Number of protein chains: 2
Amino acid sequence: MSSSTPHTQRDLQKARTRRALLDAGLALLEEQSLSSIGLREITRAVGISPAAFYRHFRDVADLGVTLVEESLGSLHTVIRAGLTERSDDGERIDHLVGAIARFVREHPEHIRFVVRERHGGVAAVRTAIGAQLDRFAQEVAEVLARDEVSRGWSPEDLRMLGETYVDHMVMTASAFLEAAQGEGPPEHVVAGTARRQLRLISLGRRHWTSDRALPAS
Amino acid sequence: MSSSTPHTQRDLQKARTRRALLDAGLALLEEQSLSSIGLREITRAVGISPAAFYRHFRDVADLGVTLVEESLGSLHTVIRAGLTERSDDGERIDHLVGAIARFVREHPEHIRFVVRERHGGVAAVRTAIGAQLDRFAQEVAEVLARDEVSRGWSPEDLRMLGETYVDHMVMTASAFLEAAQGEGPPEHVVAGTARRQLRLISLGRRHWTSDRALPAS
DNA sequence: GGTTTCAGTAAACAGTTGTGCGCCGAACGC
DNA sequence: GCGTTCGGCGCACAACTGTTTACTGAAACC
């Protein structure tokens with residue numbers, strides 16, 4: 001935010017190879033996990049010498065953390081738009097699931113990265129993803145708080161709801177990804193399940209009472 | 001299942017080092033992911049020569065697949081017992097969350113392994129876990145189908161419900177694990193969120209209608 | 001136009017890795 | 001008791017790893 005890229009030809013070229021490193025890393029991540037990717041493997045894919053890597057990142061982990069911001073940044077805007085959209089529950093659910101499906105189709109590597117490294121072997125990346133998803137859940141909670149249905153909800157309950165939505169979104173995205181590479185049920189089945197689950201949540205939401213006791217059926 | 005261990009002293013010793021290999025692998029997995037663990041690293045931890053590894057497993061991946069069966073086998077029995085238990089929703093939820101918490105406290109390495117490798121870099125292990133969780137979801141669906149609330153549910157809806165429970169269980173277990181190592185919110189907060197989420201699902205379940213249209217609020 | 005900056009290089013460093021080979025020696029079946 | 005089985009060992013192999021060093025040459029600055 002402080003130093004926007006000076007448009008000198010040199011920094012421009014530097015930014016280019018930096019991008020190439022990030023892209024190469026992301027590409028290599030399709031078949032292995034970050035902790036098993038070698039620095040040399042990345043530079044080899046880009047076509048530069050191993051030592052040049054250090055001009056851009058301290059570590060492979062460092063590169064990973066950068067990828068986190070990138071990957072989740074794009075998702076952020078997509079979902080935010082999808083949620084704010086005003087319509088009845090059914091339409092909103094369809095839109096949301098459709099948005100996730102489209103995002104996965106357009107940026108498969110990004111969500112593969114996030115899903116794989118969310119609980120992966122590199123602590124720094126793990127916490128970076130966790131922090132982002134936290135912020136994310138908080139934001140979703142705030143959006144949902146503005147709904148009529150959320151009247152009287154406690155902050156903890158709203159927070160819980162946000163987490164539920166975010167977790168569900170990540171799971172759905174992961175399922176779509178598996179579908180795309182033929183590793184699981186086909187896309188339309190995944191979409192169906194995702195819609196059903198959102199409907200389930202939506203129903204639960206509508207009949208929620210913030211105090212602890214369940215209503216005597 | 002076919003060849004139960006012959007109780008000769010030699011096979012007994014073989015089983016012992018095999019166990020040691022599995023345990024060592026599991027232990028090493030606390031800080032890295034399977035794809036980055038070296039065969040030598042494991043044998044070194046056990047105290048045998050690298051070549052001896054091949055007497056027990058073809059691969060590190062092979063060892064991983066074995067770990068999957070072990071880790072999820074134990075969880076299987078725990079949850080099955082927790083679900084079948086008959087009581088009102090509130091109690092059942094408390095019991096379930098408590099059971100998960102206890103399991104994580106007793107077998108942290110197992111669930112860490114499952115969560116980490118569920119979307120990890122080793123394809124064989126990934127699919128093994130996926131298959132197990134599938135069977136698992138199916139079974140949960142069948143148990144839930146016996147509830148009074150499930151009258152009139154379509155098979156797809158029941159299946160969806162089973163998946164929802166299983167996914168939630170895995171997520172909760174993972175959250176408990178993070179809590180245990182101080183990487184996230186403390187245990188009682190995790191438990192609270194988990195209970196709320198189960199309550200949400202339970203409410204949605206109770207007001208479910210298997211046909212597509214949502215009831216006009 | 002001379003000087004400084006700096007992305008990328010080449011080479012060397014000491015480790016590490018997976019895997020194949022032949023051999024041992026203790027427990028085994030008979 | 002004897003011949004066989006077989007878990008584990010030592011060693012060698014070629015390939016690979018992350019990191020440091022001193023360097024080059026073109027773009028940037030003034």
Side-chain angles (χ1 to χ4, degrees), chain A residues 2-25 27-29 31-67 120-125, chain B residues 2-25 27-29 31-67 120-125:
Chain A
S2 57
S3 71
S4 64
T5 24
H7 56 300
T8 132
Q9 215 165 2
R10 243 201 326 212
D11 303 86
L12 196 136
Q13 168 59 18
K14 173 163 185 179
R16 240 195 297 264
T17 61
R18 184 185 147 99
R19 256 262 62 84
L21 284 170
L22 289 167
D23 289 343
L28 287 171
L29 235 54
E31 309 202 328
Q32 48 195 306
S33 45
L34 188 63
S35 62
S36 67
I37 290 189
L39 176 155
R40 294 179 105 108
E41 206 172 345
I42 301 178
T43 58
R44 195 183 310 132
V46 171
I48 63 177
S49 86
F53 182 91
Y54 295 102
R55 304 282 185 207
H56 302 272
F57 303 100
R58 186 193 313 276
D59 254 345
V60 185
D62 187 22
L63 182 147
V65 173
T66 305
L67 281 177
V122 182
V125 172
Chain B
S2 56
S3 71
S4 62
T5 24
H7 56 299
T8 133
Q9 217 165 0
R10 242 203 323 216
D11 303 85
L12 197 137
Q13 168 60 18
K14 174 164 186 180
R16 241 195 296 263
T17 61
R18 184 185 145 99
R19 256 263 61 87
L21 284 170
L22 289 166
D23 289 343
L28 287 171
L29 261 136
E31 310 203 326
Q32 50 196 305
S33 45
L34 189 63
S35 62
S36 68
I37 291 190
L39 176 156
R40 294 180 105 107
E41 207 172 344
I42 301 179
T43 59
R44 196 182 309 131
V46 172
I48 64 176
S49 85
F53 182 90
Y54 296 101
R55 305 282 185 205
H56 302 270
F57 304 99
R58 186 193 311 276
D59 254 347
V60 185
D62 188 21
L63 182 147
V65 173
T66 305
L67 281 178
V122 182
V125 172

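Only a predicted model underlies this, so the values are computations on that prediction, with no experimental measurement involved. Convention: sequence-line order gives letters A, B, ...; per-chain numbering from 1. Only this structure's heavy atoms are used, side chains among them; waters, hydrogens and symmetry mates stay out.
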All side chain to side chain contact (heavy atoms under 4.5 Å, CB included) counterparts of R44(B), not counting sequence neighbours: R40(B), E41(B)
Using whole Å, report how far CZ of R18(A) lies from P of dC6(C). 16 Å
Letter by letter from the 5' end, nucleotides 18-30 of chain C scores (B base, S sugar-phosphate only, - none; protein heavy atoms under 4.0 Å) BBB-----BBS--
Just call it for R44(A): base, sugar-phosphate, or nothing, with non-hydrogen atoms closer than 4.0 Å on any strand. sugar-phosphate
Whole angstrom value for the distance that separates P of dG8(C) from CD1 of I42(A): 15 Å
Between F53(A) and L63(A), which heavy-atom pair has the shortest distance, and what is it? CE1-CD1, 3.9 Å
Which heavy atom of V122(B) sits nearest a heavy atom of A61(B), and at what distance? CG1-CB, 3.8 Å
Wobble G-U and Watson-Crick pairs count when both distances are under 3.5 Å; given that, what is the 5' to 3' dot-bracket string of DNA chain C, with | for pairing to other strands? ||||||||||||.|||||||||||||||||
Smallest separation among heavy atoms of V125(A) and V65(A), with atom names: CG2-N, 3.9 Å
Taking 5' to 3' order, which nucleotide of DNA chain D is first and which is last to have an atom within less than 4.0 Å of a heavy atom in chain A? dT17(D) to dA28(D)
Rounded to whole Å, how long is the line connecting atom NZ of K14(A) with atom P of dG8(C)? 8 Å
Value rounded to 0.5 Å, distance of CG in L29(B) from OG in S36(B): 8.0 Å
Tell me which donor-acceptor pairs under 3.5 Å the side chains of residues 16-23 of chain A have, and how far apart each pair is, sequence neighbours excluded?
residue : atom : partner : partner atom : Å
R16(A)  : NE   : Q13(A)  : OE1          : 3.1
T17(A)  : OG1  : K14(A)  : O            : 3.1
T17(A)  : OG1  : H56(A)  : NE2          : 3.3
R19(A)  : NE   : D23(A)  : OD1          : 3.4
R19(A)  : NH1  : E70(A)  : OE2          : 2.9
R19(A)  : NH2  : D23(A)  : OD1          : 3.0
R19(A)  : NH2  : E70(A)  : OE1          : 3.2
R19(A)  : NH2  : E70(A)  : OE2          : 3.4

note: L28(B), atom CG; dT16(C), atom P; distance rounded to Å ~ 15 Å
Find the distance between CG (D59(A)) and OH (Y54(A)) and round it off to the nearest 0.5 Å. 8.0 Å
By side chain to side chain contact (heavy atoms under 4.5 Å, CB included), A24(B) pairs with (sequence neighbours left out) I42(B), A45(B), V46(B)
Side chain of T8(A), backbone of R10(A): donor and acceptor closer than 3.5 Å? yes
